[in-house]
Amino acid sequence: MHKEKLLMIPGPSPVHPRILNSVSLPTVSHVGPEHVSEMKMALENLKKVVFCEKGEPFIVAGAGTLAMEMALLNIIEKGEKFLVLSQGFFGERMVQIAQSFGLDCDFIESERGKAVLPEELEAELRKEGYKAVVSTHVDTCTGACAPVKDYAGVLKEQGIFFIVDGVCATGGIEERMDDWGIDLVLTAAQKCFGAPPGLAVIVVSERAMEKRRSMEAIPAYYSDLLNWLPIMKDPSKYFSTPCVNEIRAFYESTRIVLEEGMEKRFLRHARVARAIRAALTELGFSFFTQEPFLADTLSVVEYPEGVEDQPFRKMFSENGVVVAGGLGETAGKVFRMGHMGNLSESQVLFAIDALERTLSSLDYSFKPGTGLMTAEKILGG
Ligand code: PMP
């Protein structure tokens with residue numbers, strides 16, 4: 001039997017029962033009235049989540065990586081140069097996608113655990129006439145959150161297109177497309193929306209849509225936004241069969257997001273992140289990510305002396321909480337703990353309690369209850 005555990009990996013995040021129930025409702029016609037109405041409302045809600053009034057939202061079967069590919073192929077023409085600002089793994093993936101399609105990009109990378117500074121972006125822009133800049137908002141590998149609002153300020157002045165990979169941020173950390181001047185936010189269903197994985201999610205500004213329309217054929221078919229636009233305007237039309245159950249689940253997830261309210265949701269993510277980090281610090285852990293770049297959606301946690309990665313994660317899982325290991329250079333040295341989406345405060349307290357039980361069984365010396373008390377104080381429990 002599948003024993004339910006609290007999923008605190010950096011996505012998928014725990015799926016709320018309301019969302020789970022919506023997935024399990026009968027599959028309906030992909031051009032019928034139920035799906036048409038759910039798709040339309042999901043698209044409307046999605047625009048509210050990224051504070052975009054006039055742009056075009058897209059929801060397509062796939063995942064974050066497809067959304068990354070769609071973003072590049074629909075905004076950047078062959079021969080135009082663009083710049084990737086990378087905090088690590090997912091910035092590198094952007095470069096790999098560009099290379100796969102013969103797109104021309106430069107790449108600046110921050111030190112791991114930090115993000116590129118706006119001044120570094122400005123300096124880079126003085127060297128070369130970039131048409132677009134792409135940045136990961138939160139790198140899921142390093143836990144670093146980029147100052148996308150500041151980047152947007154720099155780019156808006158110069159009329160440069162700005163693409164944000166919000167896979168580990170959208171719906172949990174502020175992204176104001178219209179106010180800040182972001183041209184495209186790409187994301188996925190399984191992180192801050194808390195829906196099951198299976199969707200590429202994109203919102204495109206009017207200006208960026210104009211850019212796509214001005215481009216001739218692009219090296220894409222399924223990923224061509226112009227093939228999807230008529231379906232997003234009228235979901236009773238057919239291009240490729242949408243995943244109706246998953247879209248219903250995503251719609252439900254956007255309802256939960258908006259019922260909570262964006263400001264409250266951002267504050268909750270920040271508070272939960274603070275509580276988890278304070279508890280972990282109290283218990284002797286430290287963080288891979290540098291202080292000003294700590295993301296509200298996940299923590300990349302370094303082990304104290306005497307706690308080993310494999311036995312720790314195995315025991316933590318036996319105690320009911322699943323976290324992820326480090327990727328690449330941090331493998332074996334850190335664990336990555338997601339705290340995004342619809343994770344409740346009681347789930348956070350459960351996780352800290354399970355963490356203490358795990359540490360006790362590993363004979364790690366600490367004062368029992370101190371982590372839990374610290375988290376409770378911050379969460380007001
Ligand atoms: N970008 C970021 C920042 C991510 O965290 C991820 C997934 N962890 C992706 C892109 C790729 O998304 P997916 O795994 O859904 O393809």
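Read the numbers this way: they start at 1 and go in the same order the structure lists the ligands and their atoms. Quick note: residue numbers are just sequence positions, from 1.
Between Pro10 and the choices Val167, Thr140, Asp139, the side chain to side chain contact (heavy atoms under 4.5 Å, CB included) rule is met once, by Thr140.
With hydrogens and angles left out, the side-chain atoms of His269 and Thr297 include no donor and acceptor closer than 3.5 Å. For Arg336 and Ser299, the side-chain atoms include no donor-acceptor pair closer than 3.5 Å.
Counting heavy atoms from C-beta on, the side chains of Phe312 and Leu355 come closer than 4.5 Å. Under the 4.5 Å side-chain criterion, counting only non-hydrogen atoms from C-beta, Val257 is in contact with Met262. No side-chain heavy atom of Leu343 sits under 4.5 Å from any side-chain heavy atom of Ser13. Counting heavy atoms from C-beta on, the side chains of Phe161 and Ile76 never come closer than 4.5 Å.
The distance from ligand 1 to the heavy atoms of Met68 drops below 4.0 Å at these ligand atoms: 10 (C). Atoms of ligand 1 lying under 4.0 Å from at least one heavy atom of Thr65, given by number and element, are 11 (C), 12 (O), 13 (P), 16 (O). Remark: ligand 1 atoms within the under-4.0 Å shell around heavy atoms of Thr140 are 2 (C), 3 (C), 4 (C), 5 (O). Those atoms of ligand 1 that come under 4.0 Å of a heavy atom in Val138, given as number and element, are 3 (C). Atom numbering of ligand 1 starts at 1 in the shown order; those under 4.0 Å from a heavy atom of Thr136 are 3 (C). Listed by atom number, the atoms of ligand 1 under 4.0 Å from Gly64 heavy atoms are 12 (O), 13 (P), 15 (O), 16 (O). Within ligand 1, the atoms closer than 4.0 Å to a non-hydrogen atom of Asp165 are 1 (N), 2 (C), 3 (C), 10 (C), numbered from 1 in the order shown.
On a distance-only criterion, Gln190 and ligand 1 share at least one N/O pair closer than 3.5 Å. Of the N or O atoms in Asp139, none lie within a sub-3.5 Å distance of an N or O in ligand 1.
Within the structure, the closest approach of Leu66 to ligand 1 does not fall below 4.0 Å when heavy atoms are considered. Contact analysis puts Lys191 in contact with ligand 1, with a non-hydrogen atom separation below 4.0 angstrom.
Annotation: atom 9 (C) of ligand 1 to nearest protein heavy atom, Phe90 CE2, 3.3 Å.
The six-membered or imidazole ring of Phe239 lies near that of Tyr221, with a centre-to-centre distance under 6.0 Å.
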